[in-house]
There are 2 protein chains.
Amino acid sequence: MAKNIQSLERAAAMLRLLAGGERRLGLSDIASSLGLAKATAHGILRTLQHEGFVEQDPGSGRYQLGAELLRLGTTYLDVHELRARALVWTDDLARSGGEAVYLGVVHQQGVLIVHHVFRPDDSRQVLEVGAMQPMHSTALGKVLTAFDPVAHAELVEAEREAFTARTLTDLPEIERVLERTRAQGYATDLDETWEGVASVAAPIFDRHRLPVGAVGITGAVERVCRDGDLRPELVAAVRDTARSVSRDLGAKPF
Amino acid sequence: MAKNIQSLERAAAMLRLLAGGERRLGLSDIASSLGLAKATAHGILRTLQHEGFVEQDPGSGRYQLGAELLRLGTTYLDVHELRARALVWTDDLARSGGEAVYLGVVHQQGVLIVHHVFRPDDSRQVLEVGAMQPMHSTALGKVLTAFDPVAHAELVEAEREAFTARTLTDLPEIERVLERTRAQGYATDLDETWEGVASVAAPIFDRHRLPVGAVGITGAVERVCRDGDLRPELVAAVRDTARSVSRDLGAKPF
DNA sequence: CGCCGCGTTCGACAATGCTAAACACTATCG
DNA sequence: CGATAGTGTTTAGCATTGTCGAACGCGGCG
């Protein structure tokens with residue numbers, strides 16, 4: 001195992017700590033949380049502040065995340081090839097399905113949402129790009145764990161929280177669901193993450209037939225389900241979209 | 001001047017370099033661009049990759065920005081107090097004005113967009129949160145330079161690109177406009193950044209009466225202007241919104 | 001095949017960033 | 001009202017840490 005740069009690891013830990021805690025954090029809190037001397041933490045924070053990754057409240061002296069992170073994070077989206085290819089197809093999927101569409105990739109024991117098309121009505125909705133979804137309970141997460149070995153390995157290690165009464169937390173049970181997901185080529189989520197919300201998702205592959213992400217539709221159970229299961233035409237639409245994006249990425253059909 | 005941590009500065013420079021170049025960059029490019037030994041650059045990149053700030057294309061070995069930046073950047077928005085307070089008011093402004101609304105803060109020689117409400121019609125629009133706008137040609141930028149001394153200092157230093165024939169680049173001329181902006185309490189942009197696009201913006205102050213950001217409306221000249229100038233009712237609506245947000249932040253109306 | 005380019009690893013040196021202690025400052029409290 | 005217990009910040013010195021230059025393995029190209 002090659003050694004990584006210590007100060008960078010510590011800086012990253014600080015950013016993650018600041019991202020976790022809702023409110024701003026003081027220097028002493030940060031230093032003790034990471035087991036560092038105050039001066040050490042201060043030096044790192046000073047540099048991060050100078051680079052714009054961290055901001056300091058002039059009044060209280062507390063620290064919070066900086067604007068440069070937003071700028072760089074947005075740039076990440078611009079470069080993201082999967083997202084660029086998917087843009088064209090997700091709009092159509094949202095329109096034909098009449099529900100919100102999500103595009104996600106595996107990131108650290110969860111699904112990172114890299115694109116989100118609002119449900120096509122005039123209701124107020126909040127953009128969830130950049131947010132994380134759990135691996136074991138959402139359709140996006142299940143489809144990714146089923147096809148991506150890295151994601152699967154992380155699911156086994158991670159603790160699986162029960163969000164609702166229907167959330168699967170038992171490992172053998174989950175494995176059976178993943179097996180079926182691989183067989184049928186898509187995954188669903190019925191009340192397993194949020195009460196009254198269901199979703200379908202299908203995997204997207206690149207030119208080497210490796211899973212690089214997943215598209216899915218999410219909506220209220222009353223609208224997206226019929227007879228206690230997801231409407232077949234929605235499942236078909238999602239799978240079609242996933243195939244189209246995969247083809248755009250260079251994956252051979254068949 | 002206190003000294004900053006070298007490895008962190010270099011890591012930040014790499015992230016900014018990767019954000020700048022459209023395509024993925026190779027290790028040698030990065031090392032030579034920053035004047036570093038290949039091994040040094042590699043060590044930093046390896047750590048950044050391990051922390052999720054950078055990703056490496058398995059095929060070509062090239063580097064690009066990582067997903068963790070998107071996650072952290074979004075978290076920045078969640079914590080942002082100005083944005084949280086403004087959310088309520090900007091929707092109303094977009095509806096009453098019938099145009100797109102932007103909320104921006106000063107960041108490194110430019111305006112960083114932290115909130116964006118789409119123009120309320122069914123046209124396809126792309127979210128510009130996380131994008132940068134120039135300081136000297138947009139209404140948001142001018143209003144911020146007029147009231148924020150830090151932004152003003154950076155404007156003087158920076159080079160002022162002429163985007164259209166009407167862009168102001170001459171410093172004394174800009175100073176006169178800023179003087180008028182301070183006097184009247186708002187700024188405009190008529191064809192100075194994009195042809196056929198105009199905007200109005202007003203400053204937002206915190207409890208210490210310091211400028212912390214600006215709200216503005218942007219739209220096609222034909223819609224937002226009349227008789228060659230911005231419609232007075234739009235100007236009034238923008239200023240009202242700015243005042244409301246300022247009051248929410250604790251600024252005394254006195 | 002031999003060449004260059006790539007990303008990666010190795011090992012040694014010293015510059016670098018870490019630690020601990022003291023510093024100013026504010027708010028709190030007896 | 002002075003003492004106290006918190007802040008965040010700065011300083012000085014030591015040795016850990018990151019840096020450097022060179023060599024390595026690999027793949028594509030001529």
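Reminder, nothing fancy here: chain letters follow the sequence lines and each chain counts from 1. Only heavy atoms go into these numbers, but all of them, side chains included; no hydrogens, no water, no symmetry mates.
Ring geometry for Phe205(A) versus Phe147(A): interplanar angle over 60°, hence perpendicular rather than tilted (30 to 60°).
The side chain to side chain donor-acceptor pair (under 3.5 Å) check on Ser137(B) picks up Thr193(B), with sequence neighbours excluded. For His80(A), the ring pair (Phe, Tyr, Trp, His ring centres under 6.0 Å) test picks out Tyr76(A), with sequence neighbours left out.
For Tyr63(B) and His42(B), the ring centers are positioned 6.0 Å apart or more.
In this structure the side chain of Thr145(A) never reaches within 4.5 angstrom of the side chain of Thr181(A), judged on heavy atoms. Contact check for Glu81(B) versus Arg24(A): side-chain heavy atoms found under the 4.5 Å cut-off.
Distance, Leu25(A) CG to dG8(D) C1': 14 Å, rounded to whole Å. Rounded to whole Å, the distance from NE2 on His50(A) to C1' on dG17(C) is 18 Å. Between the C1' atom of dG7(C) and the CG atom of Leu45(B) lies a distance of 11 Å, rounded to the nearest Å. Rounded to an integer number of Å, the gap from Arg62(A) CZ to dT7(D) P is 9 Å. Look at CD on Glu9(A): it is 15 Å from P on dG17(C), rounded to the nearest Å. For the pair Leu48(A) CG and dT9(D) P, the computed distance is 13 Å after rounding to whole Å. Counting to the nearest Å, the P atom of dG8(D) and the CD atom of Gln64(A) are 14 Å from each other. Taking atom CZ on Arg46(A) and atom C1' on dG17(C), their separation rounds to 11 Å, with Å as the unit.
The side chain of His42(B) contributes an N or O atom lying less than 4.0 Å from OP1 or OP2 of dT8(C). For Gln56(A), a side-chain nitrogen or oxygen approaches OP1 or OP2 of dT9(D) to under 4.0 Å. Between dC6(C) and Tyr63(B), no contact under 4.0 Å exists linking OP1 or OP2 to a side-chain N or O.
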Worksheet item: Which letter, B, S or -, goes with each nucleotide of nucleotides 19-30 of chain D from 5' to 3', with contact meaning a protein heavy atom under 4.0 Å?
Response: SBB---------
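In this model, a donor atom of one side chain and an acceptor atom of the other lie less than 3.5 Å apart for His152(B) and Glu175(B).
Among the atoms of the strands shown, only primed sugar atoms or phosphate atoms (P, OP1, OP2) are found under 4.0 Å from some heavy atom of Gly26(B).
Taking atom P on both dG25(D) and dC29(D), the two are 23 Å apart, rounded to the nearest angstrom.
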